[in-house]
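First comes the structure, then the notes that go with it.
Here the structure is a predicted model, which means the values were calculated and not measured. Per chain, numbering begins at 1; letters A, B, ... match sequence-line order.
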Amino acid sequence: MNTPSLMRPVPRSSVPTDTELVARCRRGDHVAWRMLHDRHASTVYRFLSALGVPPEEREDACQDVFIAVYRSLDRFRGAARLSTWIYRIAARGAGRAMRKRRVQSLLSTLLMREPAPPPDPDPSERSARLATLDTLLNRLSPKKRLVLVLFEIEELPVDEISKIAGCPENTVWSRLHHARTELTTMARKTAARTP
Amino acid sequence: MNGTRWTGNETDPVVAELGRAFDDARDRLPDDVTLRRMWARAAQVEVEVVDGENASDDLDLPVRRARAPRWLGFVTGMASTAALAVACAVWLWPRHPSAPVVVAAHTTPAPVETLLGPTAEGMIRTGAGERLALTLAGGTEARLESSSAMRVDRAGRAAVESGEIAFKVPHQTTGHSYVVLAGPYRVVVLGTRFSLRLDDAKRVFVDVQEGVVEVWDHSHIARVARLAPGETWASPEAPAAESLSVTPKAHARTIALASPGTAPTNVDDTEAAAQAALAANEPTRALALYRVLAQHGGPASENAAYEIGKILRDRMGQPTSAVAAWRRYRADHPNGLLRVEADVSIIETLVHAGDPSGALAEATDFVRDHPDSERRAEIARVAGDLYRTRGDYKRAVTAYQIALASPQVRDAAEPATFHRAECLMRLGDPSGTEATRAYLRRWPSGRFRTEAERLLESGDGASTARL
């Protein structure tokens, strides 16, 4: 153990960059894949949670995102940051899962004639505040929700959000403005209804 | 608010509450166990890709998809109408829940797939050229190929009678499994995709696409095979005979056969047994199993080495041994997946065990060695607290500044801001007063408000006295 000194310079060069990890993954380096997964797994999990992927599906959804990432590493050109690329893949995956749930829900209504059992309560989401936020976010359109989540929760800059959402920066600002206005209006109504 | 983040410090209580909700959402990160589970599955990706699966072509940035031709919309609309008509017909079809359900097949020239909802007790059959997809109790999806039969009991358990049936079983909660019967065998799954086939001679074939499946001989109550993705298993000609025939697919790996009725013989079994021991509140047995597991190589060994420390500290109340175990973990896995967790666990344990010097040494090493860790701010704050407690305000200020400069400062922001200001005031630094005021402006109802106000009062008094 060295003498404690927080003033010592930090050796940053020992930490491989995402680009280096991608290059190593392409060569079949299992350790690099593990580091890459470890570096981004928490973010993907949080992002999918904010996009409305229910707790019981989150692990599978994260796995799908990383499978897609791994299978497409050869086509990652490095024009965007790896995290931007992963966000985009995750956003598409969440959108696909959302549409699938909607279809399943419709089919359940038409065919099953009984509602699906409610999911088990997730201890990490007992917070009433988070539950309320999720309910409000569910009422936003997917495009507005994506922009709001990327800006407020993922704290990304607008130029990066525009790459992930696939729209111009001005559109990001516009969606963000409308999303915030709608969210605040809905929150006020909810607060007014709550005794 | 436009152009800036939702700070949560708004005067409007609704906006402020939304700000706090966003703060909570930023902290909605998976726990250690979830991360490990996620990695365990992601680690299998390489195998799948090597087997030659093609990646989708739509992931490059910034590519837009070509717009679908107009006629496609018309065709989709027609197809949707037809699907709706079929759905309504199925919905209106008379059903008698009390009687066993028998789905009789129509012989059709081309395969026809029908989708059914939760299936009641009874026998389900498909005819030649017919396929049937249905959902069983618990969300298990079953797909019957042509000329297949399956019996479903009152509890929703399936028994394959003939033909070929593919199952997709949702992940089962800890301690639960899903069982499908096939002749004299029980196929036990924990959440997976696999298919079962019974030929005319009643031989059973199991083909696993995802997850792990165990085949048990029902009459002997013994496990006869454990299958990983890509593996197939076939029962002997005469069911329940002693010999087994194994039919690997083109890309299949070696099938792991287990001795029935013996102690855990492989890594997965040992890990499951250790988890079961912990669940049964038998930490000594769990510890022994994890120690055995830690001797093997691979990710399971690494997890086991880390778990040993947790059991020693949390279940057996032995913090010193726990720290020693995590230090062993670090020596064996210097770049391990759980390296950060081990470091943080050591620091936490040393702090709680009353060893501030050891904790401080570990914390400073951590801050230096993990510049990108999400826990850096938290540990830098701990280092600041430890320096402050021993009266080294100068180093404490530096530590708090490191915490505040970290992008992942989150919960550490408020205590680090206040204590930095406090240390500056104790050092007699003139910027201390402004730092304390800045704290009060940012957290007007913060945890340290009273202390901050007291500090300002005493600081002002000291200044007046000096004048």
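Side-chain atoms of B/Phe22 and A/Leu183, non-hydrogen and from C-beta on, do get closer than 4.5 Å to each other. Looking at A/Arg180 and B/Val15, their side chains never come closer than 4.5 Å, going by heavy atoms from C-beta outward.
Between the CG atom in B/Leu18 and the CG atom in A/Leu136 there is a gap of 6.5 Å [rounded to 0.5 Å]. Within the model, atoms CZ of A/Arg129 and CZ of B/Arg20 stand 5.5 Å from one another, a figure rounded to the nearest 0.5 Å. Between atom CG of residue A/Leu133 and atom CD of residue B/Glu17 there is a gap of 10.0 Å, rounded to the nearest 0.5 Å.
Of all heavy-atom pairs between A/Ala191 and B/Val14, the closest is CB-CG2, 4.2 Å. Of all non-hydrogen atoms in A/Ser42 and B/Leu29, the two that sit nearest each other are O-CD2, 3.7 Å. Shown here for B/Leu35 and A/Ala41, the closest heavy-atom pair between the two residues is CD2-CB, 3.7 Å.
Taking the six-membered ring for Trp and the full ring otherwise, the centers of B/Trp39 and A/His30 sit less than 6.0 Å from each other.
Under a 3.5 Å cut-off, the side chain of A/Arg46 and the backbone N or O of B/Arg26 do form a donor-acceptor pair.
For a residue to count as touching a neighbouring chain, one of its non-hydrogen atoms must lie under 4.5 Å from one of that chain's; by this rule A/Asp60 touches chain B with backbone and side chain alike.
Using a 4.0 Å cut-off between charged nitrogen and carboxylate oxygen, A/Asp134 and B/Arg28 count as a salt-bridge pair.
Around atom NZ of A/Lys144, more than 12 heavy atoms belonging to other residues, nucleotides or ligands sit under 6.0 Å away.
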